[in-house]
2 protein chains.
Amino acid sequence: MRIYASTTISRLKALADPTRLRIVNLLAVRPLCVCSIEQVLGVSQTAASRHLARLQAAGILDSERRAQWVYYSLDEGFVTDHAGLLDYLKGEAADDVQLREDGARLEQHVEADTLCAADPEASTPDTVSVLSLETTRTKRNTQKEYV
Amino acid sequence: MRIYASTTISRLKALADPTRLRIVNLLAVRPLCVCSIEQVLGVSQTAASRHLARLQAAGILDSERRAQWVYYSLDEGFVTDHAGLLDYLKGEAADDVQLREDGARLEQHVEADTLCAADPEASTPDTVSVLSLETTRTKRNTQKEYV
DNA sequence: CGCGTATATGCGCATATCCGCATAATATGG
DNA sequence: CCATATTATGCGGATATGCGCATATACGCG
């Protein structure tokens, strides 16, 4: 197995995949759990999990477990240390049909409140217990008909 | 063979390779012929040619034949349309040991005038004939002892 | 604990990538 | 035309990547 001399390479490699770029495009809007990403992008659970792991290994994403769900978000260090790269990608995304459609689809799900679980941004784990989230949506598959 | 939905992906894929990033790092300084790139980076002729072709296919490099030599340079359109990406890469290069060493080695070759052929920037093909280049260096292998 | 949901991972397969060797293609000069 | 130098490319092998299937793991709940 090859070890890359620079992590610049692993970052670029991580971003050089259509599905992973779509994921970063979504997470630039807001953190999401794995099942939401599956929903919005229409990719398999396996693919979503694997691509997310790859992006996290490259230092691009961070993850936080909350109950059964794992929320992925852009890594804070990545956002600050590689703002130039992120800005470039956002510019490219604005010109890309599929990435724009993904963003629109995400927005629809947010407005219709059809994402699999509560908004992770609404509160930090410290202030509100996971147990108090009554709006939790269950069973990933109940959403699949909407797609 | 897969066709990528967006050329953003092919650009990132092209850059997501250590040797190709080293090549872009050199060509950001000045255009170079294939044999000079071999010299400075210490890579095989095959590898240099293949990586250059990949970068050119992604729209990152441009090439111009002059006599037996093919000079590669950063594509003008790439530099203007993707300045953000290029700037990011330059910033990363400043922090990368190998890329800095490559730059220093290139500078040494330039100052010692040990590159394989005359400076392509000195003149355009229109103003000065190829035949007038007396400083042409020949036989790629004569330089190899210096490495 | 046992069950259901969400996520991660081992495995095999198809394909892509990277490399070196050999050779072809291009260009110059005698 | 022939020899030489530079660059490109066909080929095969080693490795990496992406995917789906099946299964393991983590978590909350009753």
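Note on naming: letters A, B, ... go to the chains in the order of the sequence lines (proteins, then strands), and numbering restarts at 1 for each one.
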If you assign A/Thr46 and B/Val34 each to the DNA chain D nucleotide with the nearest heavy atom, which residue ends up on the more 5' nucleotide? B/Val34

Out of curiosity, B/Asn25 CG to B/Glu92 CD, how far, rounded to the nearest 0.5 Å? 11.5 Å

Shortest non-hydrogen contact from A/Leu41 toward A/Thr19: CD1-O, 4.4 Å

On a heavy-atom basis, the closest approach of B/Arg20 and B/Lys13 is NH2-O, 3.3 Å

Closest to the B/Ala47 side chain: D/dT9, C/dT26, C/dG20? C/dG20

Applying side-chain contact (heavy atoms from CB on, under 4.5 Å), can you list everything that pairs with B/Ala53, at least two apart in sequence or on another chain? none

B/Arg22: partners by salt bridge (charged side-chain N to carboxylate O under 4.0 Å, His left out), with sequence neighbours left out: B/Asp102

Roughly, in whole Å, what's the span from CD in B/Gln68 to C1' in D/dA5? 6 Å

Starting at atom CG of B/Leu52, determine the distance to atom P of D/dT9, rounded to an integer number of angstrom. 12 Å

Round to a whole Å and report the spacing from CG of A/Leu61 to P of C/dA8. 11 Å

Respond yes when some side-chain nitrogen or oxygen of B/Arg54 is under 4.0 Å from OP1 or OP2 of C/dT17, and no when none is. yes

Strictly below 4.0 Å: does B/Tyr72 bring a side-chain N or O up to OP1 or OP2 of D/dA8? yes

Return the value, rounded to whole Å, for the distance between atom CG of A/Asp17 and atom C1' of C/dA16. 12 Å

Roughly what angle, to 10°, lies between the helix axis at the start of the helix from C/dC1-D/dG30 to C/dG30-D/dC1 and the one at its end, five pairs per end? 20°

To the nearest angstrom, the CZ-P distance between A/Arg66 and C/dT7 comes to 13 Å

Of the listed D/dT6, C/dA22, C/dT17, the closest approach to the B/Lys13 side chain comes from C/dT17

Can you say whether a donor on the side chain of A/Gln45 sits under 3.5 Å from an acceptor on the base of C/dA6, or the other way round? no

Using a heavy-atom cut-off of 4.0 Å across all strands, would you classify B/Ser44 as base, sugar-phosphate, or nothing? sugar-phosphate

Distance in angstrom units between A/Leu21 CG and D/dT17 P, rounded: 17 Å

Listed pairs under 3.5 Å, donor-acceptor, residues 55-63 of chain B side chains, sequence neighbours left out:
unit_1: B/Gln56; atom_1: NE2; unit_2: B/Ser63; atom_2: OG; d: 3.0

Would you give the length of the straight line joining atom CG of A/Leu26 to atom CG of A/Leu74, rounded to the nearest 0.5 angstrom? 10.5 Å

Grab the N/O contacts between the protein and nucleotides 11-13 of chain C below 3.5 Å, and write none if there aren't any.
unit_1: C/dC11; atom_1: N4; unit_2: A/Arg50; atom_2: NH2; d: 3.4

Phosphate contact (C/dC19 OP1 or OP2) by B/His51 side-chain N/O below 4.0 Å: yes

Is the phosphate of C/dC18, meaning OP1 or OP2, less than 4.0 Å from a side-chain N or O of B/Arg20? yes

Non-hydrogen atoms of B/Ala47 and B/Ser44 that approach each other most closely: N-OG, 3.0 Å

Starting at atom OH of A/Tyr71, determine the distance to atom P of D/dC27, rounded to an integer number of angstrom. 15 Å

Pair A/Glu64 + A/Arg66, salt bridge at N-O below 4.0 Å: yes

Output the rounded distance in Å from CG (B/Leu32) to C1' (D/dT6). 15 Å

For A/Glu101, which residues count as a side-chain contact (heavy atoms from CB on, under 4.5 Å) partner, sequence neighbours excluded? A/Val97, A/Arg105

